[in-house]
Amino acid sequence: MCRTGGVPEPTGTGGEASTDAAFTALLEDSMEDLYESAPCGYLSTMMDGTIAKINTTLLDWLGLEREAVVGRKRFTDLLTIGGKLYHETHFAPLLRMQGELRGIALDMRRRDGGRLPVLVSAVVKHGTEGDPLLIRITVFDASDRRAYEKELLHRRQEAERARAEADEARRQAEADRTRLTEALAVLQRSLVPDSLPAVPGLETAVHYHTAAPDQLGGDFYDLFPVAGDRWAFFLGDVCGKGPEAASLTSLIRYTLRAAAHHDPDPASALTTLNAVLHERYTGDGDPRYCTCIVGIVEPGGDHGPTAVRLASGGHPPALVLRSDGRAEFLPTPGGLLIGVVPGAPIGTAETVLGPGDTVVLYTDGLTEARTGPGRDDLYGEDALHAFAGDHAPSAPHEVITALTGLLESFGDGLDDDTALLALGVPATPSPIGTVTSHTS
């Protein structure tokens, strides 16, 4: 068995008496020894602060001799300059009013000039008549606590600095993203026309969906006049995205414009574009290509039907919505991707548009939109044909509005750029000759 405190209980009478005597001797510290060797500092001062008594513990902490302190120094002489100021402005007035203070943080001066962080408690001793006689002060070494507090403060400052740096980096990133988005929007508008020109005897509408606002799209389109009353138009999709795709798009657009003005034959324009892309990119081992459909439209006006000739290089077929409610594709079989091989075959098709007929060009972002619960299916040409049949007949702006709603219904299943271009003959003559719609 053991006594409290872990002292073994002796088993014999003589041993028990001996052990008790030894244990009692351990506890028989004199009051003077308890005061002088206490684990904290003690001192007593007169009411004017003159030190009347100080224990060995505090003298050792400060590196002072008793003879140089007792009766010769005041409590404030043991403090740093900052400690003295605090003592005069706070410590002493509060002690006089309250009669005691607890846990006041101060700094004391060591003999070697160093500082000793301490926590000070003080109480005023009063006489039998209530008069203050002296001040008893207890001093605790707070070096470890002060170091811990400094470490906490340092860590907090580091954390606040890191948070401020992170906030600044986030603000900078958001500002950079905003500037990038604005720059990309300006550049994107330079790759496609801001608006479609008014074509006498025709209605036109266009829509451009960019899958990623922070990337340049790879789809393109245009509509412009060529020789006579004819108008050229094209729509396509380049490989890749970003600045390289933008560079390719710019080259394609201006090549097709120049080629169509030189020879207003859709197949000839695509042949020229194929030669330019193959020569420009294939030689350096970094081939670039696109799908593209080019057309020439000759509005018939009041004198006859409107003729449309198309040429395609690997592009999805055009879709025609007829005034009698039918919807049909204009296949351009045999057309190969533009820029892949020299002399690529070009698929062609022709049709005639009567009043109320509309031809629609689109990029594969529409037909390759992912559908179904798991986004595992592609929308496809069959679904597009059925959709067009449900909306025929429709004027260009009506069919583009319907297709825009269809694109929005795909949600996150629409992950590619999509361009739509529609041209049609008004069902009834328009007093202003044309209606143009442009959305993006």
Side-chain angles (χ1 to χ4, degrees), residues 5 23-161:
F23 185 73
T24 300
L26 291 174
L27 300 179
E28 288 181 350
D29 291 332
S30 67
M31 296 302 295
E32 184 68 19
D33 186 55
L34 285 174
Y35 178 82
E36 294 294 342
S37 303
C40 60
Y42 285 119
L43 71 157
S44 299
T45 74
M46 306 303 290
M47 293 308 297
D48 65 355
T50 301
I51 298 173
K53 190 175 183 180
I54 185 169
N55 73 343
T56 303
T57 299
L58 185 54
L59 289 171
D60 291 343
W61 285 353
L62 301 179
L64 300 175
E65 299 294 335
R66 193 182 307 273
E67 293 76 11
V69 174
V70 176
R72 295 178 178 274
K73 292 183 180 291
R74 296 188 178 189
F75 176 62
T76 54
D77 294 332
L78 305 181
L79 303 177
T80 62
I81 295 177
K84 289 180 180 180
L85 291 174
Y86 187 84
H87 181 277
E88 296 301 326
T89 58
H90 293 79
F91 188 96
L94 287 174
L95 183 60
R96 284 194 296 268
M97 287 189 297
Q98 299 177 7
E100 65 175 342
L101 291 175
R102 298 179 183 276
I104 304 300
L106 295 172
D107 283 338
M108 304 187 80
R109 289 190 302 124
R110 290 192 177 100
R111 185 176 181 179
D112 60 6
R115 293 187 177 191
L116 176 66
V118 295
L119 291 177
V120 176
S121 295
V123 62
V124 177
K125 180 182 178 181
H126 294 84
T128 56
E129 300 297 328
D131 298 330
L133 300 178
L134 56 83
I135 302 171
R136 290 173 175 167
I137 301 174
T138 304
V139 180
F140 293 92
D141 186 348
S143 300
D144 291 341
R145 174 172 175 168
R146 184 71 59 85
Y148 176 68
E149 291 173 345
K150 287 183 177 180
E151 181 66 18
L152 285 180
L153 180 60
H154 176 67
R155 296 299 181 187
R156 178 182 298 174
Q157 290 172 341
E158 285 186 338
E160 291 175 350
R161 183 164 52 250

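- Counting only residues at least two apart or on different chains, the side chain to side chain donor-acceptor pair (under 3.5 Å) pairs with a member in residues 61-71 are Glu36-Arg66, Thr56-Arg66.
- A 6.0 Å sphere centred on CG of Asp144 holds no more than 12 heavy atoms belonging to other residues, nucleotides or ligands.
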Extract all donor-acceptor atom pairs below 3.5 Å that involve side chains of residues 117-137 and protein atoms in other chains or at least two apart in sequence.
| residue | atom | partner | partner atom | Å |
| --- | --- | --- | --- | --- |
| Ser121 | OG | Gly103 | N | 3.2 |
| His126 | ND1 | Val124 | O | 3.3 |

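- From Met108, atom CE reaches atom CG of Asp141 across 11.0 Å, with rounding to the nearest 0.5 Å.
- More than 12 heavy atoms of other residues, nucleotides or ligands lie within 6.0 Å of CG in Leu153, so this atom counts as buried by the packing criterion.
- When every heavy atom of Leu64 is checked against every heavy atom of Arg111, the shortest pair comes out as CD2-CB, 4.1 Å.
- In this structure, CG in Leu59 is found 4.0 Å from CD1 in Ile54, a value given to the nearest 0.5 Å.
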Could you pull out every donor-acceptor pair under 3.5 Å between side chains of residues 39-46 and any protein atom, sequence neighbours left out?
none

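- The shortest non-hydrogen separation linking Ala38 to Asn55 is CB-ND2, 4.3 Å.
- For Arg72, there are no side-chain hydrogen bond (donor to acceptor under 3.5 Å, both in side chains) partners, not counting sequence neighbours.
- Pairs passing the side chain to side chain donor-acceptor pair (under 3.5 Å) check and including a residue from residues 94-108, sequence neighbours excluded, read Glu100-Arg102, Asp107-Arg146.
- Judged as a side-chain hydrogen bond (donor to acceptor under 3.5 Å, both in side chains), and not counting sequence neighbours, the contacts of Arg155 are Glu151, Glu158.
- Expressed to the nearest 0.5 Å, how far OG1 of Thr76 lies from CD1 of Ile51 amounts to 8.5 Å.
- Each side chain to side chain donor-acceptor pair (under 3.5 Å) pair with one or both residues in residues 77-91, not counting sequence neighbours, would appear here, but there are none.
- Between the CD atom of Glu32 and the OG atom of Ser37 there is a distance of 9.0 Å, given to the nearest 0.5 Å.
- Distance alone, capped at 3.5 Å, is enough to place a donor-acceptor pair between the Arg110 side chain and the Arg115 backbone.
- Between the side chain of Arg109 and the main chain of Leu79, a donor-acceptor pair closer than 3.5 Å is present.
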